Structure formats: C-alpha cells, structure tokens
Amino acid sequence: MLNAGSVDLEVLSVSTDNVHFHGPQFKPITLSPGARVNISVLFLPRLLGPVNSTMRVSTSPGVYVRTMTGHGVESPYRVAPLLGVSALA
C-alpha cells in the first residue's frame with residue numbers, strides 16, 4: 001500500500017471475509033507521504049477449485065476493498081485440511 005497523498009495515512013487494520021485467505025496479525029501504522037507498506041495474505045484453501053474473497057484495509061480516510069482469487073488444487077502428498085479438531089485435552 002502506498003501513501004500517494006500529502007498527509008500522513010493511518011493504516012488501522014487488515015481483514016478478509018472467509019477462511020481460505022488469512023491476513024496478517026496487523027498492528028496499526030502511520031505512513032508518511034510517499035511511504036509504503038507490503039501487506040501479505042496467505043491462501044490456504046479448504047476446497048478444490050476457484051475461491052474468491054475480499055480483503056478490507058481500514059485506514060484513516062476510509063476502507064479500501066480488494067478482491068482476491070485463488071484456486072485450490074489437490075495435494076500431491078495426500079494432505080487434507082484437519083478441521084474441527086481441538087488440541088486441548
């Protein structure tokens with residue numbers, strides 16, 4: 001994300017809208033004019049085929065929305081998602 005403006009830009013949070021895409025544990029930061037920050041998103045599909053999601057970046061002037069697309073494929077190692085299991089005994 002680039003602050004192309006002439007005043008500081010507060011980047012407050014990053015979120016995604018489904019379980020296939022995982023945003024970073026993001027701490028709010030302030031970008032001075034001309035500064036930039038990379039925001040990485042991890043794609044861990046639970047389904048085969050196309051998956052769509054929305055990433056929302058909340059900033060001081062408002063929310064920026066980006067559409068993300070991934071394609072889940074079968075694991076060549078026969079690994080499947082382990083869902084609904086608790087490690088607490």
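Values below: all heavy atoms of this structure, side chains included; hydrogens, waters and symmetry mates excluded. Quick caveat: nothing in here was measured; it's all calculated off a predicted structure.
In this structure, CZ on Phe21 lies 7.0 Å from CG on Asn52, to the nearest 0.5 angstrom. Here the CG-CG distance, from Leu31 to Asp8, works out to 8.5 Å after rounding to the nearest 0.5 Å. Residue His71 holds its NE2 atom at 11.5 Å from OG1 of Thr69, rounded to the nearest 0.5 Å. In this structure, Asn38 CG and Met1 CE are separated by 11.5 Å, a value rounded to the nearest 0.5 Å.
Both Tyr64 and Val41 belong to a common hydrophobic cluster when Ile, Leu, Val, Met, Phe, Trp and Tyr are linked at side-chain heavy-atom distances under 4.5 angstrom. Under the 4.5 Å side-chain heavy-atom criterion for grouping Ile, Leu, Val, Met, Phe, Trp and Tyr, Leu9 is connected to Ile29 within one hydrophobic cluster.
Nearest heavy atom pair, residue Met55 against residue Met68, reads CB-CE, 3.7 Å. Shown here for Val63 and Ser58, the closest heavy-atom pair between the two residues is CG2-OG, 3.9 Å. Taking every heavy atom of both residues into account, Val14 and Pro24 meet most closely at CG1-CD, 4.0 Å.
Side-chain contact check for Arg66 versus Val57: every heavy-atom pair is 4.5 Å or farther apart. Side-chain atoms of Pro33 and Val7, non-hydrogen and from C-beta on, never get closer than 4.5 Å to each other.
Remark: of the listed residues Asp17, Thr16, Asn18, Asp17 is the sole one forming a side-chain contact (heavy atoms from CB on, under 4.5 Å) with Thr54.
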